[in-house]
Structures are given as structure tokens and as C-alpha cells.
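Take a look at the structure set out below.
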There are 4 protein chains.
Amino acid sequence: MNARSPEALVRDTGRRNEAVILNAALEAFGTRGFNGASMRDVAKGAGTSLSNLYNYFPSKSKLLAAVLRHANDELQHRVLRAVEEAGDDAPSQLREAVRAHVGFVVDHQVATLVATNEVRYLEPDDRTALVSHRDATQATFERIIDQGAADGAFRTPYARDAARAILSAVAAIASWYRRDGALSRGQLAEQYARYALALLEGPLPR
Amino acid sequence: MNARSPEALVRDTGRRNEAVILNAALEAFGTRGFNGASMRDVAKGAGTSLSNLYNYFPSKSKLLAAVLRHANDELQHRVLRAVEEAGDDAPSQLREAVRAHVGFVVDHQVATLVATNEVRYLEPDDRTALVSHRDATQATFERIIDQGAADGAFRTPYARDAARAILSAVAAIASWYRRDGALSRGQLAEQYARYALALLEGPLPR
Amino acid sequence: MNARSPEALVRDTGRRNEAVILNAALEAFGTRGFNGASMRDVAKGAGTSLSNLYNYFPSKSKLLAAVLRHANDELQHRVLRAVEEAGDDAPSQLREAVRAHVGFVVDHQVATLVATNEVRYLEPDDRTALVSHRDATQATFERIIDQGAADGAFRTPYARDAARAILSAVAAIASWYRRDGALSRGQLAEQYARYALALLEGPLPR
Amino acid sequence: MNARSPEALVRDTGRRNEAVILNAALEAFGTRGFNGASMRDVAKGAGTSLSNLYNYFPSKSKLLAAVLRHANDELQHRVLRAVEEAGDDAPSQLREAVRAHVGFVVDHQVATLVATNEVRYLEPDDRTALVSHRDATQATFERIIDQGAADGAFRTPYARDAARAILSAVAAIASWYRRDGALSRGQLAEQYARYALALLEGPLPR
DNA sequence: TATGAATGAGGATTCATTCAT
DNA sequence: CATGAATGAATCCTCATTCAT
């Protein structure tokens with residue numbers, strides 16, 4: 001029971017092998033989808049026995065919930081910190097928020113894909129909880145956009161749905177980006193930050 | 001064996017009940033995902049017996065392939081026609097292409113979601129075929145963008161990945177749009193057309 | 001609907017495509033066993049539709065029965081004719097009977113295998129009928145052996161089970177003989193005729 | 001989960017219920033053939049659940065392979081021991097080998113039938129392995145016959161295929177012998193030993 | 001005759017989960 | 001914590017057969 005993928009989302013949790021299981025589950029769900037992956041796959045990936053999984057998580061569904069919670073926490077953490085460290089004006093904040101988001105997507109492509117595609121398979125309660133958690137991240141963007149619209153920095157007449165459009169495009173990066181491709185992490189972040197500002201009809205760097 | 005969902009993607013195929021099965025499959029895959037939906041679900045939805053499905057499609061996977069082919073055909077058809085009917089300049093063409101795409105997504109939300117999320121479960125050959133078909137649609141957007149970039153209409157320094165960003169945002173509409181919400185089909189199309197032009201740093205209507 | 005394997009057991013039956021179906025069934029049952037072969041396999045082999053099979057034979061089981069009947073008829077015919085054409089003494093008769101039997105096995109390996117291995121899957125009535133038909137062939141050998149034992153030509157103390165032993169060995173040829181091997185049809189017949197006479201402790205050619 | 005047929009081939013294997021399953025499989029395959037028997041039949045015979053079978057054998061085919069391996073092992077063991085304990089001359093060795101083989105066939109009629117009729121349903125690799133194992137047993141007979149032919153004890157001009165003929169006849173016993181019939185196990189063995197020596201044109205007891 | 005569509009039963013196998021150890 | 005054995009429900013798919021045409 002020991003494995004550390006290059007993209008390991010979860011580092012440590014205090015409980016002996018929990019992180020190993022969570023990362024194995026992430027990989028399994030990412031590779032074959034929630035319904036396509038079996039608990040046996042997860043166990044094999046974690047190097048433990050099938051039944052031992054149930055000492056850590058009471059069901060497959062709760063395992064997914066835990067994976068998604070970790071992913072969301074990490075994303076939210078990165079975005080919030082980026083905003084804090086940015087200037088006071090909406091354009092700067094948005095720019096940094098987008099860059100941080102792109103960074104997360106690139107660093108955790110699989111987690112992003114799983115978070116996008118597999119939330120629907122959570123049990124209702126867990127899904128509700130998770131969605132509201134995710135909405136909090138989205139709300140950060142919406143708040144910035146509202147402020148920018150109010151003070152005239154963003155001149156789009158459709159500020160309302162802009163956050164959704166931007167975040168969708170950013171999340172979709174996970175489905176095509178290749179680490180060994182032509183675009184570096186930094187370039188990609190830069191590029192999408194500009195897309196976002198332009199879409200909002202905000203001020204662009206020359 | 002008779003059903004016509006409000007969103008029926010497939011109208012008729014010459015073979016007795018093929019369309020009914022395809023629409024039932026679309027609904028089943030949309031509701032529960034490819035791996036979460038069973039052939040029994042599809043049969044029930046189509047009002048026929050489980051085994052009769054196999055007189056029409058040799059496997060669940062081929063059934064998915066057929067569904068996705070129909071969806072892609074319809075989307076491509078709409079986009080191409082819209083471009084043909086638009087003016088000669090890149091901004092007009094892009095505008096109409098986006099509007100047509102948004103129209104498809106709104107008319108066929110489920111098909112859009114299935115096309116986005118379940119392609120990965122195709123057998124390799126079918127996936128390859130489908131992806132190249134889908135890329136053809138994307139290529140239409142890229143061609144327009146290239147032209148607009150060449151003649152100075154689109155001033156973004158990042159024309160290259162812009163099509164992907166725009167199409168991702170448009171496809172994602174399927175995951176949140178509600179027919180009974182505040183936004184009409186037409187308003188939404190208008191809005192996303194402007195997002196696209198703005199993102200490309202092109203000319204905007206006042 | 002047209003096929004003629006090199007080993008075709010059935011030539012013609014008066015009914016349009018019956019022979020084609022019977023030969024296809026023989027091949028299917030021979031290749032995959034009665035339970036392993038499907039009516040679809042038979043139809044494909046016969047170049048006709050699945051449902052058309054039922055215009056000729058009321059069930060898979062009856063189809064097998066028909067195949068086996070044809071095989072047995074041909075075998076019995078060959079053996080009886082060989083005995084008739086042989087001399088009056090038991091050793092000559094046995095010799096010719098064995099040669100004829102070996103000839104059938106070599107000409108119809110698949111039919112021999114099917115006759116040996118798949119009889120058990122007949123419905124009770126058909127099986128009874130077929131076994132008694134087959135026993136008639138065996139009885140021919142037993143009659144000859146009894147006669148030879150009575151007149152002192154065969155000196156084995158165990159004449160009683162000898163027919164079974166001989167016929168088993170002959171039938172088993174079907175499971176290993178290769179037409180392109182070292183042994184010709186005629187040599188093999190000669191060889192097994194001598195095995196039989198020797199086993200019976202009868203007179204051997206020098 | 002507990003059963004001991006009178007003819008149980010497998011006694012114990014170290015793993016909890018493996019032997020029970022193997023014996024149930026033997027019986028099922030013997031009664032209805034490999035393709036005619038279902039895993040449910042096997043499970044029922046073994047007194048366990050269908051799915052538990054797969055904790056022991058990964059597929060129906062591998063289960064058959066295991067059954068056949070056990071049967072072959074037992075047969076080979078008996079024959080080899082019999083040869084070791086026989087005298088040095090070929091006729092004695094052949095006599096004891098045949099007697100041992102007949103003994104196995106009578107003790108394990110079902111196993112013999114399954115070994116003869118169902119090998120073909122193994123996957124290619126398993127079948128190759130098994131056939132070569134079976135050929136090893138046949139090779140024991142061939143060696144003895146070669147030796148006897150070389151030192152003049154067996155005068156048949158066809159020593160080459162004699163082993164096949166003899167072994168076929170012996171194996172076929174399984175298809176007709178009845179424990180409650182007129183012939184005892186010992187008498188049958190004696191009888192077939194004499195058949196074999198006579199067929200080889202070797203020395204017969206008076 | 002010949003066909004394509006239809007069906008209910010059953011095929012092997014995998015599933016998430018539990019339990020005794 | 002960790003395991004191997006166990007289970008019932010469900011999976012996709014194939015089966016022999018029937019029926020309308």
C-alpha cells in the first residue's frame with residue numbers, strides 16, 4: 001500500500017493510508033469514470049485489499065465525495081489566496097484569480113475532470129454540499145465581476161453570466177492540455193487571463 | 001414501442017424503430033451516464049424488450065456511437081448552414097456560428113451533455129472517428145477566427161486556442177440552462193455571440 | 001444459400017435446401033459442439049436466415065437428429081455392403097468391415113466426431129432411436145465375431161467385448177487423423193484391419 | 001458447501017472449498033457437457049453461491065482446465081507407478097500399464113469422459129498445456145511398445161499407431177461400463193490387458 | 001419459402017458490500 | 001487495520017423460438 005502519482009492531489013490526512021486510497025480513487029474515477037471504476041480497481045491502485053477500503057470510507061459514493069471535497073478545497077484555497085495577494089482593483093483581482101484557477105487545472109487535470117463530470121453521481125446530500133462549496137468559488141469570481149461592472153472597469157452588458165462562461169472555458173482546459181505540448185503552464189495562465197478580461201470588455205495590457 | 005420526448009434528437013431513420021431506440025438511449029445516457037444506464041433502461045424507455053435492442057445495435061457501445069453520430073451531424077449541419085447564410089466578414093460569420101451553436105445546445109441540452117461527457121466510453125475506433133468528426137465542427141470556428149485574425153478584425157494575440165475556449169463555454173451552457181429561467185433562447189445566443197467577439201477582441205455592436 | 005464443404009455428408013434430399021442446412025449444421029456442431037453452436041451459426045453457414053431454418057427442422061435438437069441419422073445411414077450402408085462383398089469366412093468379413101468403417105471415418109471425420117460426442121444431447125426419444133440404429137451396426141461386427149469364435153478362427157477368450165474395443169479404436173481415428181499426414185487412407189484401413197484380427201487372436205496375413 | 005460424490009476425483013487442495021467446487025464442476029460437466037452446464041449448476045452442486053465460484057476460478061474455462069489437470073495428474077500417477085512396479089520386460093510393463101489405465105477409467109468414469117470430450121472447449125493456451133500433459137502419458141505407452149518391438153516381443157508391423165488404438169479402446173470403456181454389470185473391475189482390466197498384448201502380436205498367457 | 005422484428009429465459013461475469021477471523 | 005470468503009443483485013449479451021409479412 002504505497003503509491004504517489006505525479007499528480008497526487010492529496011498529500012496526507014493523518015490517517016495511515018487514507019491519502020493513498022484517495023489518490024487511487026481519483027485516478028480510477030478519472031480513468032474509467034465513477035460508474036466504470038470498481039472498488040476493486042481502487043483497491044488495486046492503492047495496493048490494498050478490497051475490504052480494507054471500507055475501513056476508511058463507508059461506501060463508494062462517500063469515497064467520491066471525499067475526493068471531490070479535497071479537490072474543491074485545494075482549488076478554493078488557491079483562488080482565495082491569489083485574490084488576497086492581488087491589488088484592490090477588479091481587473092487585477094480577476095486576472096490573478098483566473099491565473100490561479102488555470103494553475104490548478106493544469107496541476108490537477110484529472111481532479112478537474114472528475115470534479116466536472118462525476119459530481120452527478122454523488123448522493124443527493126453530498127451533491128448539495130459539494131455544489132454549494134463549488135458555488136462559493138464561483139461566487140468569488142462573481143463578486144469581482146460585479147465590482148468591476150459597478151466601477152466601470154468591465155463594460156460588458158452581460159456581466160451576469162460571464163463568470164460561468166469564463167470558468168467553463170478554464171475547466172475545459174483539463175480535457176485537452178498536454179504537459180508535453182507547446183504551451184507552458186505560465187503562458188496558458190496568461191492567455192486565459194486575457195481572454196477573461198477581453199470577454200468582460202475590460203482593460204487589456206497593451 | 002412508441003415515444004417522442006420533447007427534445008427528440010432523431011426523427012426517423014428508415015428502420016422501423018431505430019429512432020425510438022436512439023432517443024431512449026440518449027435520455028438514458030443523459031440521465032444516468034453511459035455506465036450508469038443499463039440496456040434495460042434503454043429498452044424500457046423505448047418500450048421494447050431488452051433483447052430486441054440487439055436487432056438494431058450490436059452492443060451498448062455501438063448504440064452510444066450512433067447517438068453521438070446523430071448529435072454531431074445535427075450540430076454540424078446547423079453551424080455550417082448558419083455560416084453559409086452569414087455575410088462574408090469573419091465577425092458576422094463567427095457571430096452566426098456561435099448563435100447556431102448556442103441554439104443547438106439549448107434545443108438539445110441532453111445530447112450536448114452526452115456528447116461532452118460520454119465520448120470517452122466509446123471503443124477506440126469509434127472514438128477516433130467521432131472525435132475527428134467533432135474536430136471538423138471546431139475547425140469551422142478556427143477557420144473563421146484565422147481569417148478574422150489575418151484581416152485585422154480580431155486583435156487578440158491568442159487566436160490559436162480561442163476556438164476551444166469559446167466552444168467550451170458554449171457547450172457548458174447545457175449544464176446550467178433552464179428553459180423556464182429568465183433567459184430566452186435568443187437572448188442567450190446574443191449574449192454568447194458578444195462574449196465570443198469580445199474575447200477575440202473584435203468589433204462589438206454598440 | 002449455397003455451400004459444399006469438401007466433406008459434405010449429405011448430397012441431396014429432394015427438398016430444396018435441406019442438404020445445405022444439414023451440412024452447415026454438421027460443420028457447426030463439429031466445430032463448436034451442439035451446445036456451443038447456435039442456430040445463428042448454422043444459418044450463417046447455410047447462407048440463409050435464422051428463421052428459415054425452422055421451415056425445415058422444427059428445433060435445433062431435431063436438426064441434430066437428422067444430421068446423425070444421415071451419418072449413421074451412410075456408415076451402416078458402407079459396412080453392410082463391404083460384408084456382403086467379402087468372402088464367407090469370419091476373418092475376411094471382419095477385415096472388410098473394419099476397412100469400410102475406417103474408410104467412413106476418414107471420409108467423414110467431422111460426422112464421426114459429432115456422432116460420437118453429441119448423441120447425448122438428443123431428446124430421449126431420438127436418442128433411443130439413434131442408439132438402436134447405431135447398435136445395429138455394432139451388431140454386424142458382433143455377429144461376425146461370434147461366428148469366428150464359434151468356428152475357431154478367433155481364439156480370444158474375450159470375444160464378447162471385442163467389438164466395442166475395436167469400434168472405439170476405429171472411431172477414435174477421427175480425432176487425430178490428418179489427411180495431409182504420412183498415412184494414406186488405404187494404409188490406415190489395412191493397419192486397423194490387422195489390429196482387429198490380432199486383437200481377436202485370429203489368423204494374420206504373413 | 002459440502003459434498004462428497006462416490007467418485008470424487010479431487011480430495012483436498014489446501015484452499016478451503018476448492019475441492020468441493022472441482023468435484024461439482026466435474027459432475028456438472030460430465031452430466032451436461034461443458035457448454036450445457038452452467039456456472040449456476042456448478043454452484044448448486046458445490047452448495048455455494050454463483051459469485052463465490054469466481055473467488056476460486058477466474059472463469060468457467062479455467063475451472064474446466066483445473067478439473068482436467070487433476071484428472072490427468074491422477075491418471076499419469078497411476079500409470080507411472082504401475083510401470084515402475086512391473087518387471088523389466090515390455091510385455092509385463094504394458095500389461096500393468098493397461099491394467100492401471102483401465103482401473104482409472106473405471107474408478108473415474110466421469111472424469112475420463114470429460115477429459116475425452118471437453119478438452120476442446122479450453123482456451124488455446126490451456127488446451128495446448130493439457131494436451132502436452134496428456135501426450136506424456138501416451139508417450140509412456142509408446143516407449144514400452146517401441147522397446148517391445150525392438151527386442152522382438154511385439155511382432156506387429158504397425159507398432160507406431162498401436163498406442164493410440166489401445167488407449168482409445170481403454171478410454172471408451174468409460175462410455176459403457178456399469179459398476180453393477182456382469183464384469184468386475186479386475187476382470188475388465190485383465191481382459192483389456194490381453195486385448196492390448198494380442199493387438200501388438202505379443203506373448204499371451206495360456 | 002423466406003425474412004426481419006420480436007421476446008422471455010438464461011448465459012457468464014462483475015458489482016458493492018458484509019462478515020468472520 | 002487488514003484480509004479472504006461469501007453473497008444477491010445486476011451487468012451485457014445470446015439463446016432458441018415465434019410471428020407478421
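Keep in mind that this is a model prediction, so the values were computed, not measured. First the proteins, then the strands, lettered A, B, ... as listed; each starts at 1. Quick note: numbers below take in every heavy atom, side chains included, and nothing from hydrogens, waters or symmetry partners.
- To the nearest angstrom, P of dT1(E) lies 8 Å from CG of Asn17(C).
- Contacts of Arg120(A) classified as salt bridge (charged side-chain N to carboxylate O under 4.0 Å, His left out), with partners at least two apart in sequence or in another chain: Glu118(B).
- A donor-acceptor contact under 3.5 Å links the side chain of Asn55(B) to the base of dA6(E).
- Shown are Val67(D), Leu63(D), Val10(D); of these, the side chain to side chain contact (heavy atoms under 4.5 Å, CB included) with Ile21(D) is made only by Leu63(D).
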Can you give me every donor-acceptor pair (side chain of residues 29-37 of chain B, partner residue at least two apart or in another chain, under 3.5 Å) with its distance?
unit_1: Thr31(B); atom_1: OG1; unit_2: Glu27(B); atom_2: O; d: 2.7
unit_1: Arg32(B); atom_1: NE; unit_2: Asp41(B); atom_2: OD2; d: 3.3

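- OP1 or OP2 of dG4(E) has not a single side-chain nitrogen or oxygen of Arg15(B) nearer than 4.0 Å.
- As rounded to whole Å, 15 Å separates atom C1' of dA12(E) from atom CG of Leu64(D).
- In terms of the side-chain hydrogen bond (donor to acceptor under 3.5 Å, both in side chains) criterion, Ser59(B) has no residue partners (sequence neighbours excluded).
- Ala115(B) and Leu68(B) make their closest contact through CA-CD2, 3.6 Å (heavy atoms, listed as atom of the first residue, atom of the second, distance).
- Every residue two or more places apart in sequence or in another chain that forms a salt bridge (charged side-chain N to carboxylate O under 4.0 Å, His left out) with Lys62(D) is listed here: Glu123(D), Asp126(D).
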Listed pairs, N/O of protein and of nucleotides 8-12 of chain F, under 3.5 Å:
unit_1: dG8(F); atom_1: N7; unit_2: Ser51(D); atom_2: OG; d: 3.1
unit_1: dG8(F); atom_1: O6; unit_2: Ser51(D); atom_2: OG; d: 2.7
unit_1: dC12(F); atom_1: OP1; unit_2: Ala37(B); atom_2: O; d: 3.3
unit_1: dC12(F); atom_1: OP1; unit_2: Lys60(B); atom_2: NZ; d: 2.9
unit_1: dC12(F); atom_1: OP2; unit_2: Met39(B); atom_2: N; d: 3.1

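- Spacing between atom CD1 of Ile21(C) and atom P of dA16(F) amounts to 15 Å, rounded to whole angstrom units.
- Between Phe29(D) atom CZ and dG11(E) atom P the separation is 13 Å, expressed in whole Å.
- With rounding to the nearest 0.5 Å, the separation of CD in Glu74(C) from CZ in Arg69(C) is 15.0 Å.
- Across the protein-nucleic acid pair, Leu53(D) atom CG and dC15(E) atom C1' stand 16 Å apart, rounded to whole Å.
- Expressed to the nearest 0.5 Å, how far CD of Glu18(A) lies from OG1 of Thr13(A) amounts to 3.5 Å.
- Put simply, CZ on Phe57(C) is 16 Å from P on dT18(F), counting in whole angstrom units.
- Distances shorter than 4.0 Å separate none of the side-chain N or O atoms of Thr48(B) from OP1 or OP2 on dA5(E).
- Summarising the geometry, the separation between OH on Tyr56(B) and C1' on dG4(E) is reported as 8 Å, rounded to the nearest angstrom.
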Notebook entry, point to check: With Watson-Crick and G-U wobble geometry limited to distances under 3.5 Å, how should the secondary structure of DNA chain E be encoded in dot-bracket form, using | for bases paired to another strand and [ ] for crossing pairs?
Noted result: .||||||||||||||||||||
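- Contact check for Arg134(A) versus Val119(A): side-chain heavy atoms found under the 4.5 Å cut-off.
- Distance CD (Glu18(C)) to C1' (dA2(E)): 16 Å, rounded to an integer number of Å.
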